[in-house]
Amino acid sequence: MAAVYIFLALILAMSLGHKLAAPDRLGAAAARLAGVRPATGPLLSFGAAAFEGVATLALLFEETRVVGACLAAALWVAYAMLLWKRRGQTLDCGCSFGRREKPVTASLAARAAGLAAIAVTVTFFPTAPFEIESVFAGLGFLILYLALDELLAIPQPAWRHG
């Protein structure tokens, strides 16, 4: 299970870094996604970044992993609900590194809900001791997650209609 905790921490840390690296873009994306005034967007974005930072740190320590997983699940459930509410609209949801206006689909909401489900599920299993293999497995999961992100970005793939 350590690999899954590491994977979740990597996703959160990557998202935190993303928000800190592009605060203007992600502040605007947060405002549009939440349906609030643009001036409130940066506050939402930095608030989410702080939440992600706390969850990331909590996931890295055995004593606080369950708390970190619960915080991560709460964040992803909120994100999934916001995406679900905006499905059918076209916006830059801040989901990826590049500025990308794309239709918000049920699959984007399902991806966030899936991350929340993984975070909740791992709280039911005993924590495993840290091993170097867990880091590589966590990185492998992250690569698969990023590949899924790229597949979801294809506007009209033939395999969705075939």
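If you're wondering where the values come from, they're calculated on a predicted model, not measured in any experiment. No hydrogens, no waters, no symmetry mates; every other heavy atom, side chains included, goes into these values. When a residue number appears, it is its place in the shown sequence, counting from 1.
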Open item on the list: Is it the case that the side chain of Y5 and the backbone of A69 share a donor-acceptor pair, with hydrogens and angles ignored and the cut-off at 3.5 Å?
Closed with: no
Task: From L43 atom CG to R37 atom CZ, the distance as rounded to the nearest 0.5 Å - done: 10.5 Å
Open item on the list: Do L139 and F7 have side chains that approach each other closer than 4.5 Å (heavy atoms only, starting at C-beta)?
Closed with: no
Task: Polar side-chain atom of T121 near backbone of A117 as donor-acceptor pair, under 3.5 Å - done: yes
Task: Distance in Å, L44 CG paired with L82 CG, rounded so as to fall on 0.5 Å steps - done: 9.0 Å
Task: Heavy-atom closest contact (F51 atom, L71 atom, distance) - done: CE2-O, 3.2 Å
Task: Distance in Å, W76 CH2 paired with I118 CD1, rounded so as to fall on 0.5 Å steps - done: 8.0 Å
Task: For L20 against P23, the heavy-atom pair lying closest together - done: O-CD, 3.5 Å
- [ ] Find out if a path of hydrophobic residues (ILVMFWY) with successive side-chain heavy-atom gaps under 4.5 Å connects L59 to L142.
- [x] yes
- [ ] May I ask you to decide if G41's main-chain N or O and S45's side chain share a donor-acceptor pair within less than 3.5 Å?
- [x] no
Task: V104 backbone acceptor or donor facing R87 side chain under 3.5 Å - done: no
- [ ] Decide side chain to side chain contact (heavy atoms under 4.5 Å, CB included) for M14 and L10; before the verdict, give the C-alpha distance in whole Å, the side-chain angles of both, and the deciding distance to 0.1 Å.
- [x] CA-CA 6 Å; M14 188 175 65; L10 287 169; over 6 Å; no
Task: Nearest-0.5 Å distance, CZ of residue R111 to CG of residue L83 - done: 8.0 Å
Open item on the list: With a 3.5 Å distance limit and no angle check, can you tell me whether R86 reaches the backbone of R32 through a side-chain donor-acceptor pair?
Closed with: yes
Open item on the list: Under 4.5 Å between side-chain heavy atoms, counting indirect links through other Ile/Leu/Val/Met/Phe/Trp/Tyr residues: same cluster for L146 and L8 or not?
Closed with: yes
TODO: Taking all heavy atoms of T64 and all of A58, pick out the closest pair and write down the distance.
DONE: OG1-O, 2.7 Å
Open item on the list: Quick check for you: to the nearest 0.5 Å, what is the distance between E133 atom CD and I6 atom CD1?
Closed with: 10.5 Å
Open item on the list: How close do A73 and V120 get, counting heavy atoms only, and between which atoms?
Closed with: CB-CG2, 3.6 Å
- [ ] Decide side chain to side chain contact (heavy atoms under 4.5 Å, CB included) for F124 and V66; before the verdict, give the C-alpha distance in whole Å, the side-chain angles of both, and the deciding distance to 0.1 Å.
- [x] CA-CA 9 Å; F124 295 109; V66 172; over 6 Å; no
- [ ] Any chance you could measure C70, atom SG, to L75, atom CG, to the nearest 0.5 Å?
- [x] 13.0 Å
TODO: List the atom of P38, the atom of A31, and the distance in Å for their closest heavy-atom pair.
DONE: CA-CB, 3.8 Å
Task: For L60 against R65, the heavy-atom pair lying closest together - done: O-NH2, 4.0 Å
Open item on the list: Same cluster or not: L16 versus F141, using hydrophobic residues (I, L, V, M, F, W, Y) connected whenever any side-chain heavy atoms lie under 4.5 Å apart?
Closed with: no
Task: Hphob cluster co-occupancy, V77 + V122, side-chain heavy atoms under 4.5 angstrom - done: no
Open item on the list: Hydrophobic clusters here meaning ILVMFWY residues chained together by side-chain heavy-atom distances under 4.5 Å, can you tell me if V135 and I143 are in one?
Closed with: no
Open item on the list: I'd like to know whether H18 forms a side chain to side chain contact (heavy atoms under 4.5 Å, CB included) with R25, so could you lay out the CA-CA distance, the side-chain angles of the two residues, the decisive distance to 0.1 Å, and finally the verdict.
Closed with: CA-CA 10 Å; H18 190 202; R25 174 182 160 245; 3.1 Å; yes
